[in-house]
Each structure stands twice: as C-alpha cells, then as structure tokens.
Amino acid sequence: MTWNVRVDAQLCQGSGMCAGTVPEVFALDGERARARTEGIEPDERVLDAADICPALAITVHEGASVIGPRRD
C-alpha cells in the first residue's frame, strides 16, 4: 500500500525540517513546504518528518487512516 502525504499550507511555517529529513518527498516552495508527489512507498523517515514538524502541518495517510504524525 502507498502512503499519501499532505502539507497544510495554512499551518506550515516553512522551517524546512521536513525537506531536510526527506528531500525526495518534501520541497520548500518559497516560505512553505509541499509534498513532491501524491503517493509514496512507506518510509519511516516520512513519519519522523511529520512528528518533528513544529506546526504539525504534515499528515501521512494510509488508505483512510491517518498514521502520522504519531501520537504518544
């Protein structure tokens, strides 16, 4: 199954932490991040990027389930 990654442009602060963690999945466009592609192969680093996003702007979906950011 593929994962879908979404970046909420309204929440994104443009810290670049996601692009620094997984540059093949995230890119900075001006002051905001975006996902480079719709569907990706599962990758633990993408969940890490969602976890460390200071604005919690990244969500990772597997089918209908939100799997990232991971909650304690």
Side-chain angles (χ1 to χ4, degrees):
M1 175 163 293
T2 60
W3 289 355
N4 288 306
V5 180
R6 298 187 185 124
V7 178
D8 185 328
Q10 298 298 316
L11 294 176
C12 180
Q13 299 172 350
S15 73
M17 295 174 75
C18 58
T21 303
V22 198
E24 60 273 19
V25 174
F26 298 100
L28 286 178
D29 276 343
E31 296 181 0
R32 302 289 183 255
R34 66 170 174 82
R36 291 182 180 269
T37 184
E38 291 277 323
I40 63 164
E41 291 299 314
D43 185 336
E44 190 74 17
R45 297 175 305 148
V46 175
L47 292 175
D48 292 341
D51 291 345
I52 65 172
C53 176
L56 297 175
I58 299 168
T59 55
V60 183
H61 302 259
E62 184 175 61
S65 300
V66 175
I67 59 171
R70 295 171 280 201
R71 305 290 189 239
D72 294 333

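None of these values were measured; they are calculated from a predicted model. As a basis for the values below, the full set of heavy atoms in this structure was taken, side chains included, without hydrogen atoms, waters or symmetry mates.
- For the atom pair OG1 of Thr21 and CD1 of Ile58, the computed distance is 8.0 Å after rounding to the nearest 0.5 Å.
- With values rounded to the nearest 0.5 angstrom, Thr59 atom OG1 is found 9.5 Å from Leu11 atom CG.
- The side-chain contact (heavy atoms from CB on, under 4.5 Å) test applied to Ala55 returns Gln13, Cys53, Ala57, not counting sequence neighbours.
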- Which is it for Val7 and Cys18 under the side-chain contact (heavy atoms from CB on, under 4.5 Å) test, yes or no, and what are the steps along the way? CA-CA 10 Å; Val7 178; Cys18 58; 5.7 Å; no
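- Here Glu62 contributes atom CD and Ile67 contributes atom CD1; the two are 4.5 Å apart, rounded to the nearest 0.5 Å.
- Salt bridge status for Arg70 with Asp48: present, with a side-chain N to carboxylate O gap under 4.0 Å.
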- Any chance you could lay out the side-chain contact (heavy atoms from CB on, under 4.5 Å) test for Glu41 and Asp43, step after step, and finish with the verdict? CA-CA 6 Å; Glu41 291 299 314; Asp43 185 336; over 6 Å; no
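- Taking the side chain as every heavy atom from C-beta outward, Val46 and Val5 approach each other to under 4.5 Å.
- No donor-acceptor distance shorter than 3.5 angstrom exists from the side chain of Arg34 to the backbone of Ala9, with no hydrogens or angles considered.
- In this structure, CD in Glu24 is found 8.5 Å from CZ in Arg36, a value given to the nearest 0.5 Å.
- Interatomic distance, SG of Cys12 versus CG of Leu28, reported as 7.0 Å (0.5 Å rounding).
- Ile40 and Met17 are not part of a single hydrophobic cluster, where members link through side-chain heavy atoms under 4.5 Å apart.
- The shortest heavy-atom contact between Ala50 and Gly68 is CB-C, 4.2 Å.
- Closest heavy-atom contact between Ala35 and Phe26: CA-CD2, 4.4 Å.
- Remark: Asp51 CG to Glu44 CD distance equals 8.5 Å, nearest 0.5 Å.
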- Tell me, with the steps shown, if Val66 and Val60 meet side-chain contact (heavy atoms from CB on, under 4.5 Å). CA-CA 6 Å; Val66 175; Val60 183; over 6 Å; no
